[in-house]
Amino acid sequence: MRLDALKEAPYAFGSTYEREVEFDDATWRRRVVDRVPFIAEVDGVVAGTASGGDGEVNGAAAMTAMWVDPRYRRLGVGELLVKAVLEWAKGMGYGRMFLWVTDVNAAAEHLYARHGFVGTGASQEVRPGELEHEMSRTL
Ligand SMILES: CC(C)(COP(=O)(O)OP(=O)(O)OC[C@H]1O[C@@H](n2cnc3c(N)ncnc32)[C@H](O)[C@@H]1OP(=O)(O)O)[C@@H](O)C(=O)NCCC(=O)NCCS
């Protein structure tokens with residue numbers, strides 16, 4: 001799924017398909033241990049994913065790797081995934097959640113803004129000439 005996401009929406013992620021397709025099994029296993037992946041299914045078919053994990057700041061969580069299969073977009077799947085990661089983080093006792101969104105990704109930014117995320121003002125270059133900016137909200 002992660003490789004499908006990187007291939008389908010390269011503009012949305014800091015990483016690339018070319019980088020992650022080289023990962024070995026141990027690396028994939030470590031990723032699902034280091035982060036908590038959520039999978040959305042529609043009628044038993046995998047439709048999207050998002051992950052929660054530790055943020056860079058102490059006591060804060062991070063939402064990463066959000067992707068909805070294009071066949072299931074605009075049906076509320078992304079919204080469910082955001083809610084699931086927020087609920088998980090609240091339950092784990094985190095006080096704030098951070099995420100990064102690329103400047104060209106208006107769809108994701110709308111989704112996050114709908115759920116109370118606002119820009120922190122931090123930004124960084126994700127690819128030459130392309131920025132991503134940080135958003136956060138309290139939990
Ligand atoms: C961004 C993404 C996860 C949204 O998933 P989704 O399942 O289509 O989102 P939802 O149906 O839950 O939409 C919820 C709200 O998000 C916003 N939204 C979603 N897609 C949008 C779009 N193309 N344009 C504008 N707003 C959009 C809207 O506010 C929408 O509510 P509405 O449909 O009532 O207007 C999906 O488009 C995707 O996977 N994109 C490629 C990967 C990506 O961008 N990942 C995020 C990395 S930070």
Side-chain angles (χ1 to χ4, degrees):
M1 249 199 129
R2 173 67 175 167
L3 293 176
D4 284 349
L6 291 168
K7 225 193 273 186
E8 189 279 323
Y11 58 86
F13 303 106
S15 189
T16 62
Y17 176 83
E18 288 70 23
R19 174 174 169 266
E20 297 196 13
V21 76
E22 300 294 338
F23 285 175
D24 58 14
D25 284 355
T27 306
W28 287 114
R29 283 200 199 95
R30 200 168 49 246
R31 281 168 66 108
V32 293
V33 172
D34 289 350
R35 302 214 155 251
V36 179
F38 291 85
I39 302 289
E41 289 183 6
V42 177
D43 296 333
V45 179
V46 171
T49 183
S51 295
D54 274 336
E56 287 161 35
V57 180
N58 203 16
M63 180 155 31
T64 57
M66 164 77 70
W67 181 71
V68 174
D69 185 315
R71 290 170 297 174
Y72 297 99
R73 285 190 190 153
R74 297 312 284 262
L75 298 175
V77 174
E79 192 139 329
L80 275 179
L81 286 164
V82 171
K83 283 184 184 156
V85 179
L86 286 170
E87 282 308 308
W88 164 82
K90 279 183 207 163
M92 293 295 289
Y94 291 102
R96 179 165 280 277
M97 177 162 279
F98 288 86
L99 59 84
W100 290 92
V101 60
T102 55
D103 274 354
V104 293
N105 198 353
E109 192 174 341
H110 277 139
L111 172 62
Y112 300 139
R114 245 170 102 115
H115 288 276
F117 285 88
V118 293
T120 67
S123 63
Q124 61 190 20
E125 199 169 52
V126 65
R127 273 170 284 279
E130 195 185 323
L131 291 177
E132 62 178 358
H133 65 267
E134 189 182 51
M135 300 179 86
S136 87
R137 57 158 279 178
T138 53
L139 295 172

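Counting starts at 1 for both ligands and their atoms, in listed order. Atom set for the values below is all heavy atoms of this structure, side chains included, hydrogens, waters and symmetry mates excluded.
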Looking only at heavy atoms, which two atoms of T16 and L6 are closest? And how far apart?
O-CD1, 3.6 Å
Distance-minimising heavy-atom pair for H133 and D103:
ND1-OD1, 2.7 Å
Of G48, A107, A12, A65, the residue with the heavy atom nearest atom 43 (C) of ligand 1 is A12
Starting from [atom], locate the nearest protein heavy atom and write down its residue, its atom name and how far away it is, to 0.1 Å.
atom                    : result
atom 48 (S) of ligand 1 : Y112 OH, 3.2 Å
atom 46 (C) of ligand 1 : M66 O, 3.4 Å
atom 30 (C) of ligand 1 : R114 NH1, 3.8 Å
atom 38 (C) of ligand 1 : R73 NE, 3.3 Å
atom 2 (C) of ligand 1  : L111 CD2, 4.4 Å
atom 44 (O) of ligand 1 : N105 ND2, 2.6 Å
atom 20 (N) of ligand 1 : R74 CD, 3.3 Å
atom 26 (N) of ligand 1 : H110 ND1, 3.2 Å

Got an N/O contact under 3.5 Å between [X] and ligand 1?
X    : answer
A106 : no
G78  : yes
W67  : no
Y72  : no
E79  : yes

With rounding to the nearest 0.5 angstrom, report the [atom1] to [atom2] distance, [X] to [Y].
X    : Y    : atom1 : atom2 : value
I39  : M1   : CD1   : CE    : 5.0 Å
L3   : E8   : CG    : CD    : 13.0 Å
M92  : L139 : CE    : CG    : 12.0 Å
L99  : T120 : CG    : OG1   : 9.5 Å
K7   : W67  : NZ    : CH2   : 10.5 Å
E132 : R127 : CD    : CZ    : 8.0 Å

Would you say E56 has more than 12 foreign heavy atoms packed within less than 6.0 Å of its CD?
no
Look at atom CG of N58 and say whether more than 12 heavy atoms of other residues, nucleotides or ligands are closer to it than 6.0 Å.
no
What atoms in ligand 1 come closer than 4.0 Å to a heavy atom of [X]?
X    : result
Y11  : 41 (C)
W100 : 48 (S)
V77  : 7 (O), 12 (O)
A9   : 41 (C), 42 (C)

Could you see which bit of L75 sits under 4.0 Å from ligand 1, with heavy atoms only: side chain, backbone, both or neither?
backbone
I need the contact type for V68 against ligand 1. Using non-hydrogen atoms and a strict under-4.0 Å cut-off, is it side chain, backbone, both or neither?
both
Taking the non-hydrogen atoms of G76, is any one of them nearer than 4.0 angstrom to ligand 1?
yes
Report yes if some heavy atom in the side chain of F117 is under 4.5 Å from a heavy atom in the side chain of V101; otherwise report no.
no
Mutual orientation of the aromatic rings belonging to W88 and F38 [parallel < 30°, tilted 30-60°, perpendicular > 60°]:
perpendicular
Is the terminal nitrogen or CZ of R30 (NZ for Lys, CZ for Arg) located under 6.0 angstrom from the six-membered ring centre of F23 and within 45° of that ring's axis?
no
